[in-house]
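Dumping the structure here so I can ask a few things about it.
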Amino acid sequence: MSALFTPLKLRSLQIPNRVWMSPMCMYSAAPTGPETGVPTDFHLAHLASRAAGGAGLVMAEATGVRPDGRISQWDLGLWNDHQQEAFARITRAIKAHGSVPAIQLAHAGRKASVDKPWLSDRALPDSEGGWQAVAPSPIAYNGLTVPHELTVAEIQQLVRDFADSAQRALAAGFEVAEVHGAHGYLINSFLSPVSNHRTDAYGGSFANRIRFALEVVDAVRAVWPADLPVFFRTSATDWLTENPEDTREGWTSEDTVRLAKELQAHGVDLLDVSTGGMVRDAKIVAGPNYQVPFAAQARDQAGIPTAAVGIITEPQQAEDVIASGQADAVFLGRELLRNPYWAQHAALALGAEPNWPDQYAYVVKRRKR
């Protein structure tokens with residue numbers, strides 16, 4: 001039997017297979033007016049088609065917990081009733097195809113208020129719909145504006161914002177909430193000594209730098225049902241300390257193991273393991289499976305279930321990651337943009353039974369390949 005196509009149970013939730021859709025920003029919501037941050041027909045088709053394509057879990061893109069938490073003004077948000085109602089339509093569609101609907105709750109921090117990446121990816125000023133970015137310290141991400149240094153009161157409000165969005169996500173029908181703590185965005189920028197130069201309770205020591213992440217997790221876990229899982233996405237390394245030519249002190253995979261143990265103690269059920277995003281000029285040697293060892297390390301040394309990412313494109317490649325115990329699931333991103341039905345074809349290639357929608361199956365199953 002294919003390991004990739006065996007179910008995974010987290011708390012009381014059974015996810016039908018280990019092929020999951022990674023959250024990917026589409027920059028396709030209305031930027032202003034009453035439809036700001038509201039998922040559209042595009043988002044419905046985009047997410048539902050991957051459920052029809054056989055992904056066991058479909059995760060909506062990084063969704064801002066407040067307006068200034070979005071990466072761009074075209075991102076999704078979840079801070080009002082209209083957004084919540086539109087998401088409910090999407091979760092119903094995902095569930096109708098037998099997949100689990102998940103959402104990544106996020107705040108972009110010092111990387112907020114930028115243009116669409118295929119246009120310029122530059123910081124947008126107020127005159128073009130932009131806003132003031134925020135961060136633990138007034139240290140700009142390469143090429144962007146200097147962020148506002150958050151006060152303790154503002155940090156505490158952000159914790160409440162994450163909890164409020166989690167409540168809305170639950171009401172909209174999501175069954176997994178993921179806290180975005182990766183890629184140089186707000187939570188990640190608290191974790192790394194590269195971007196966090198605070199001297200109060202939220203900076204300095206390892207325990208202080210992880211404080212905000214744990215407070216957000218506690219707040220989300222407090223409003224999320226005890227029988228449903230919470231995920232945390234991490235950048236396992238900034239790719240700085242590993243480079244002997246780089247003198248900057250960064251976040252490391254050993255730090256991730258320490259964090260993972262704390263996260264699990266605070267109710268996180270799975271670590272979604274990515275890397276990088278803290279600085280533009282980090283030297284990263286990318287290739288197939290290049291981030292999988294970090295998921296394996298966290299799983300082995302912290303004892304937490306993990307999901308692996310990073311140029312996973314072939315069915316046997318994904319199968320081997322799961323069968324060898326390096327991770328409990330794989331998140332596919334760009335490959336599912338290229339082929340929404342990747343999971344169905346992978347099941348066939350690995351000797352498992354594809355889970356085609358009935359409307360397709362009676363025709364598709366007439367062919368073996």
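Bear in mind the structure is a predicted one, so any value in this text is a computation, not a measurement.
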Identify every side-chain donor-acceptor pair in residues 101-109 under 3.5 Å, counting partners at least two apart or on other chains, and give the distances.
{"unit_1": "Gln104", "atom_1": "NE2", "unit_2": "Glu178", "atom_2": "OE2", "d": "2.8"}
{"unit_1": "His107", "atom_1": "ND1", "unit_2": "Gly109", "atom_2": "N", "d": "2.9"}

Q | For His183, all residues meeting ring-ring contact (aromatic ring centres under 6.0 Å, His included), sequence neighbours excluded | A |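 If we apply the ring-ring contact (aromatic ring centres under 6.0 Å, His included) test to His183, skipping adjacent residues, the hits are His180.
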Q. Does some side-chain heavy atom of Ser189 sit less than 4.5 Å from a side-chain heavy atom of Pro136?
A.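 Answer yes - side chains close enough.
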Q) Can any side-chain N or O of Gln317 pair as donor or acceptor with the backbone N or O of Thr313 at less than 3.5 Å? A)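 Judged by distance alone, yes, a pair lies under 3.5 Å.
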**Q.** Nearest-0.5 Å distance, OG of residue Ser28 to NZ of residue Lys116
**A.**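 The OG atom of Ser28 sits 6.5 Å away from the NZ atom of Lys116.
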Q: Would you mind reporting whether Val176 and Leu228 have side-chain heavy atoms less than 4.5 Å apart?
A: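 A side-chain contact under 4.5 Å is absent here.
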Q | Cationic N near anionic O, under 4.0 Å, Arg70 to Asp75 | A |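 Between Asp75 and Arg70 there is no salt bridge, as every charged N stays at least 4.0 Å from the carboxylate O atoms.
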Q. Are the charged groups of Lys111 and Asp121 less than 4.0 angstrom apart, N to O?
A.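 No salt bridge links Lys111 with Asp121.
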Q | Minimum side-chain heavy-atom gap Val152-Arg198 below 4.5 Å | A | yes
**Q.** Centroid separation Trp251 to Phe206 less than 6.0 Å
**A.** yes
Q) Hey, does Trp239 have a side-chain heavy atom less than 4.5 Å from the side chain of Thr252? A) no
Q. Tell me, do Val309 and Trp20 make a side-chain contact under 4.5 Å, heavy atoms counted?
A.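 When only atoms from C-beta onward are counted, Trp20 and Val309 do not touch, as no gap falls below 4.5 Å.
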**Q.** Chi angles and distances behind the side-chain hydrogen bond (donor to acceptor under 3.5 Å, both in side chains) call for Trp79, Ser165
**A.** CA-CA 6 Å; Trp79 62 80; Ser165 281; over 6 Å; no
Q: Return each pair, listed once, that meets salt bridge (charged side-chain N to carboxylate O under 4.0 Å, His left out) where at least one residue sits in residues 40-63; pairs must be two or more places apart or across chains.
A: Asp41-Arg89
Q: Please check if any side-chain donor atom of Arg211 sits under 3.5 Å from a side-chain acceptor atom of Ser205, or the reverse.
A: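 Judged by distance alone, the side chains do not pair up.
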Could you list the donor-acceptor pairs under 3.5 angstrom formed by side chains in residues 321-335, with sequence neighbours left out?
{"unit_1": "Ser324", "atom_1": "OG", "unit_2": "Asp320", "atom_2": "O", "d": "2.6"}
{"unit_1": "Ser324", "atom_1": "OG", "unit_2": "Val321", "atom_2": "O", "d": "3.3"}
{"unit_1": "Ser324", "atom_1": "OG", "unit_2": "Gln326", "atom_2": "NE2", "d": "2.9"}
{"unit_1": "Asp328", "atom_1": "OD1", "unit_2": "Arg299", "atom_2": "NE", "d": "3.4"}
{"unit_1": "Asp328", "atom_1": "OD1", "unit_2": "Arg299", "atom_2": "NH2", "d": "3.0"}
{"unit_1": "Asp328", "atom_1": "OD2", "unit_2": "Arg299", "atom_2": "NE", "d": "2.8"}
{"unit_1": "Asp328", "atom_1": "OD2", "unit_2": "Thr306", "atom_2": "N", "d": "3.0"}
{"unit_1": "Glu335", "atom_1": "OE1", "unit_2": "Arg338", "atom_2": "NH1", "d": "2.8"}

Q) With side chains defined as the heavy atoms from C-beta onward, is the minimum distance between Leu47 and Ile94 less than 4.5 Å? A) yes
(Q) Ring centroids only, cut at 6.0 angstrom: are Trp224 and Phe231 within range, meaning strictly under it? (A) no
Q. Is a salt bridge present between Arg11 and Asp227, judged by a nitrogen-to-oxygen distance below 4.0 Å?
A. no
Q | Between Glu215 and Tyr202: side-chain donor-acceptor atoms closer than 3.5 Å | A |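 Yes - a donor-acceptor pair under 3.5 Å links their side chains.
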Q) Does Ser99 reach the side chain of Leu57, with side-chain heavy atoms less than 4.5 Å apart? A)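 They are not in contact (no side-chain heavy atoms under 4.5 Å apart), so the answer is no.
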Q: For the pair Asp281 and Arg248, find out whether any cationic side-chain nitrogen is under 4.0 Å from an anionic carboxylate oxygen.
A: yes
**Q.** Heavy-atom check, side chain of Val159 versus side chain of Asp161, under 4.5 Å
**A.**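 Side-chain contact under 4.5 Å: no.
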Q. Do Ser137 and Glu149 meet the criterion of a side-chain donor-acceptor pair at a distance under 3.5 Å?
A. no
Q: Among residues two or more places apart or on two chains, list those pairs meeting ring-ring contact (aromatic ring centres under 6.0 Å, His included) that have a residue in residues 265-290.
A: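 Of all non-adjacent pairs touching residues 265-290, none passes ring-ring contact (aromatic ring centres under 6.0 Å, His included).
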Residues 344-361, side-chain donor-acceptor partners within the protein, below 3.5 Å, at least two apart:
{"unit_1": "Gln344", "atom_1": "OE1", "unit_2": "Asn355", "atom_2": "N", "d": "2.8"}
{"unit_1": "Gln344", "atom_1": "NE2", "unit_2": "Ala52", "atom_2": "O", "d": "2.9"}
{"unit_1": "Gln344", "atom_1": "NE2", "unit_2": "Asn355", "atom_2": "O", "d": "2.9"}

Q.
For Arg122, is there an ion pair with Glu128 - N to carboxylate O distance below 4.0 angstrom?
A. yes
Q.
Does Arg221 form a salt bridge (Lys or Arg N to Asp or Glu O under 4.0 Å) with Asp269? I'd like the steps, not just the answer.
A. CA-CA 10 Å; Arg221 187 75 265 180; Asp269 302 284; 3.1 Å; yes
Q | Side-chain ion pair, Lys283 and Glu245, N-O less than 4.0 Å | A |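 Salt bridge present between Lys283 and Glu245.
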Q) Are any of the side-chain nitrogens in Arg168 or Asp81 under 4.0 Å away from the carboxylate oxygens of its partner? A)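 Salt bridge: yes.
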